Amino acid sequence: MAEESEWQEKWAESGIFNPEPDQREKYLITVPWPYTSGPLHVGHGRTYTLADIVGRYKRLRGFNVLFPMGFHESGTPIGSISEKIKRGDEKTISLYRKYIAEYENEENVEAIMNSFKEPLNVANYFSSKITKDFKTLGYAIDWRRTFRSIDPVYSKFVQWQFRKLGSMNLLKQGSHQVLYSIEDGNAVGEDDIEDGDTDKVSIEKFVMVLFKKNDEDVYLAAASLRPETIFAVTNLWINPDSRYVRIRVDDKIIITSEKASQKILYQFENSELKDAVESDEILNSQYTVPATGVKVKVYRNTRINPEQATGVVYSVPGHSVMDLSYIDELGIGLEGRSIINLENKKSSASEYLAKYKDPSRANSEMYKDEFYSGVMASDLPLIGGKSVKEAREIMQNELIKRGFAYEFYETSRPARTRDGKPVIVSIMHDQWFINYSNEEWKDKVRENVSKMNFYPEFYRKNMFDVIDWIEERACARKRGLGTPFPQDGKWVIESLSDSTIYPAFYTFSHLINDKEPENLDDNFFDYITDNGTEEVNPGMKELSQEARKEFKYWYGVDQRITSAPHMSNHLVFYLMNHMAMFKGRYQPKGISIIGTVISKGAKISKSKGNAISLLDVVKQYGADLFRLYVALVAEVDSSLDWNETEIENVKSVYGTIKNVFSLILEKGESKTDDYTELFKIKFKHHLKNYFEKMDSFQIRAGYVEIIHETLKDLNQLGNLGMDTASAVKEIWELWIQVLSCAIPHLSETIWKQMGKSGFVSISEIRAEVISEGDRIRVENFDYVLSLSEDIRAIQNVTKIKPSLIKITVGNESLKEDARKILQGDLNVSTKSIIGNVKKFRGKLNLDVNEMGAITQYKEILEKLFLAGVAVEEYAGDGNKKVPLPGRPVIDLEGEKIG
RNA sequence: GCGGAGGUUGCCGAGCUAGGUCAAAGGCGGCAGACUCAAGAUCUGCUUCCGUAGGGGUUCGCCGGUUCGAAUCCGGCCCUCCGCACCA
């Protein structure tokens, strides 16, 4: 697209998208900065393109618009990509070979791949390529202000932020459970886990209950999700084929499977592995059920998975179909006891087994039913009569309080890292958190949320819910790229937490990007963000003042355009941190949530391999076409289906626009008649609607109005044999201005060809006024068109090809009568119309001057039906049908056909 | 389960926050006609059923309710999608 890149170069050279503070009202629009682990796909393209369209629209309407962009490079994924490439992981290498090939000639691919063994090279490579992609799409971005989340100057800003959060007592340290790979020696995220993106692994809380061995101070540790069933334990299970060990936890010796011991050691700070224990030794003793004192035996059960939880299970045949079926299978002959009621009846595992046949299915149905609607038997101590939900909580706390149990965490499913290492739950004992549960803080944010703009509106409610729900949030990790945690150098600031108030940095980044990070102390940032201090390093004085001026002018993000998954993480941090850092000033003003992009009806996901490269699309179709597709095909809050048929349609719309303009370039001369005037008025009307729709963020509706409706009018004009080129000539300037937000490249070309100087991209649009006279003209025209539909309907039913269409319109007295009837006054001169007026009350038109309208646009009807048109006013002769206001009598004279 | 969104005529998708002008926009697909040697593209008309005059019948997930009147309001039910945390 040579023409497109030419304009992109001209925009860059002229610096028209690099705004400075001035007298105009400002508009700051931001999007989430992309994570630079690979090329962008069409989903990114949609969000960023919509932001660009909105930015350009605001500029057109006279705002001083800033649209900045940066790159997110902190976090763990880039590091693990490098790690995998270094290790020779084939899946990753082939994926990245494909990515690189999108940008490079074949012979360069290997060298670049090789450089990816260093994480920074991955980040640098993709951030520079994505920058190019954005330029290729024609985005009006101020590139002077770009920065990356791992830039040293930005790190200074983040550290300032965290020192301030610390001084406000919003940080705390505590223990925290994470998914962890022992072999890798670090925490693992969704991306590190095999199938982690499709089959999510979560952390489940178990209770590890200690059953005291009869003759020793040793405990068998059985983990359960259902501590409330402790009163119905009949026995314990171990797997005789597996090895068991003794572990010291605090001052107790507990027994678990050897496979489980690692989990214990990683979850309990004060723990150590002692020695192996023979299963016979376990089986020979009796054990005491805590809280009840009942003695139970341990049985062999090869179905018990030694890797699951502790490898020891307590058996509750009354409430676990699995336990019941094991007991039957092994012929142990223990009776289950029911201690939970469902609908005032004892819940029974054997009934569930009978109903569902499959024990595992029956078990989960029973679990669900009991959890949501079960009530504990009334004779139980402590939890009698309570709901299962409550009882579970109470029992867990009680058992732990009395030293009979520990909390224990397990993965929701067996999980491995992508290279096959086991994933367990580990506890970090000194994890740093941002304490978002502070109610005072939340209240201030809630207040701002109630004032902000949300599109779609229901996300406001959604955000209130998220604010209610958010508690402590881990904000530091021990690996990955990022800013060192200022309070504790062992940690790196977690990558979502380092990207909360970063849009503020755009306001002055171009002034400090090349400065020595050491000079950017806390005073500096406090000063420029207008945060209370007036003291700055004397050497930085001038710079600080300038930066402060930019911040004060620009800040307060007017619109953040992003996607729904950010609601419960990034966006809530974004709002909370802005409130904490800027004392209620410079707060975000608007959030718009863009729907997802799907492909041929299916969700796009990395694992399916159906991600569509944005670069490929732009190479194939060009920037304007992609932009028009985004604007026109789906409303911003619904999902956008990327498919070839639709883009062909958009292509033809684009072609039509192009043709219309090449036509007026050739021969459009300004001349005005009734019809060009009418077209102009209609266009003004579309323009007004376009403004309204764009202002309420209905981008598609806005462009449908200004493109499809205008083309429709034009088409209509053409069908009536009118000179369309002259009509367009009347409105072309306004039209190209609004089109330029969606298709800026073509628009610039046309702007220039039409002899305009400067760029349409930075032009301002003048508002057009629609007068009363204009309104009546359009009304008359629409009336005649609707009349033509009635004529067509009659023609279809009667099969008469008319040579003469006789129209009899109602007179003043009929109109007066109709008005009276509609008001309920039946005392009128022509009583015969009462029935029809009531019947057709929705279809009458009392305002239009029918005779005038038909006379004015008579030739339209003549052209449409190739017939003569005669119009007369109703004379009052009782024999004929009587017209109603807006519903004249139509008689067709002519040949019957068909 | 909790929270959110949604179920519209062959398909996609408006409308439903202010109930009547909604048989319900627009696009796609289908049919017919014009143009063409022909196809394609383009244009015109039709595309729920009935009807020799602009009309009538039956429709907007299902069942009820409010109302003179409901796709639109209320209640219940069924189904689909999304989020439920330390991950970008």
Side-chain angles (χ1 to χ4, degrees), chain A residues 32-37 72-78 176-179 187-193 196-197 200-203 368 371-373 389 428 431-434 436 456-459 461-466 468-477 480 494-497 499 564-570 572-573 595-596 601 603 632-635 637-639 641 643 645-646 648-650 652-653 655-656 698 700-701 704 708-709 712 715 718-719 786-787 789-800 839-845 864 881 886-892 896 898:
Chain A
W33 46 9
Y35 190 68
T36 53
S37 61
H72 199 201
E73 302 184 354
S74 35
T76 52
I78 288 177
H176 177 61
Q177 62 274 23
V178 291
L179 295 173
V188 292
E190 191 177 293
D191 283 347
D192 305 312
I193 296 170
D197 50 345
K200 231 186 136 171
V201 180
S202 55
I203 296 174
K368 249 199 322 211
F371 180 69
Y372 294 115
S373 40
K389 238 186 268 189
M428 312 289 252
Q431 175 69 48
W432 284 94
F433 296 90
I434 296 179
Y436 288 114
E457 174 61 33
F458 68 78
Y459 281 109
K461 163 99 174 57
N462 207 309
M463 183 50 80
F464 281 126
D465 293 344
V466 172
D468 290 345
W469 156 88
I470 193 168
E471 295 173 354
E472 290 77 24
R473 170 82 191 201
C475 64
R477 348 181 66 201
E494 186 269 329
S495 57
L496 285 181
S497 301
S499 304
H566 286 149
M567 284 297 293
S568 60
N569 43 61
H570 166 70
V572 69
F573 306 158
T596 49
K603 200 171 148 185
L632 222 41
V633 168
E635 200 47 88
D637 56 337
S638 60
S639 51
D641 194 349
N643 66 67
T645 334
E646 283 296 340
E648 286 307 317
N649 297 334
V650 174
S652 89
V653 172
T656 308
Q698 295 166 268
R700 173 173 182 261
V704 165
H708 285 308
E709 293 297 316
K712 205 165 119 188
N715 212 346
N719 290 338
S786 80
L787 195 56
E789 279 167 30
D790 281 348
I791 296 169
R792 175 124 25 230
I794 296 168
Q795 184 187 309
N796 286 344
V797 182
T798 59
K799 311 268 192 296
I800 292 170
K839 188 168 166 192
F840 298 120
R841 65 190 180 287
K843 294 187 174 175
L844 301 184
N845 182 347
L864 284 175
K881 290 180 66 182
R887 270 179 85 80
V889 170
I890 300 163
D891 291 293
L892 302 187
K896 209 170 154 178

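Because only heavy atoms are used, hydrogens play no part in the values below, and waters and symmetry mates are left out as well, while side chains stay in. Because the structure is a prediction, the values reported are computed rather than measured. A, B, ... follow the sequence lines: proteins, then strands. Residue 1 opens every chain.
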Mind checking the [atom1] distance from [N] to [M]? Whole angstroms is fine.
| N | M | atom1 | value |
| --- | --- | --- | --- |
| rC22(B) | rG69(B) | C1' | 13 Å |
| rG55(B) | rA23(B) | C1' | 14 Å |
| rG30(B) | rC12(B) | C1' | 15 Å |
| rC11(B) | rG4(B) | P | 30 Å |
| rG61(B) | rC16(B) | P | 15 Å |
| rU66(B) | rU8(B) | C1' | 23 Å |
| rA70(B) | rG27(B) | C1' | 28 Å |

Any base atoms under 4.0 Å from [X], or only sugar-phosphate, or nothing? Heavy atoms, all strands.
| X | answer |
| --- | --- |
| Asn569(A) | base |
| Phe458(A) | sugar-phosphate |
| His176(A) | base |
| Glu471(A) | base |
| Ser499(A) | nothing |

Inset, instruction - Please determine, for rC73(B), whether a Watson-Crick or G-U wobble partner exists with both distances under 3.5 Å, and give it or none. - result: rG65(B)
Legend entry - Parallel, tilted or perpendicular: ring planes of Tyr436(A) versus Phe573(A), cut at 30 and 60 degrees: parallel
Inset, instruction - For the pair Trp33(A) and His72(A), name the ring-plane relationship: parallel under 30°, tilted 30 to 60°, perpendicular over 60°. - result: parallel
Inset, instruction - Would you kindly give the CH2-to-P distance between Trp469(A) and rC84(B), to the nearest whole Å? - result: 7 Å
Legend entry - Atom-to-atom span, CZ of Arg700(A) to P of rG13(B) - whole angstrom: 10 Å
Would you say a side-chain N or O of [X] is under 4.0 Å from OP1 or OP2 of [N]?
| X | N | value |
| --- | --- | --- |
| Lys461(A) | rG3(B) | no |
| Ser37(A) | rA88(B) | no |
| Ser495(A) | rA88(B) | yes |

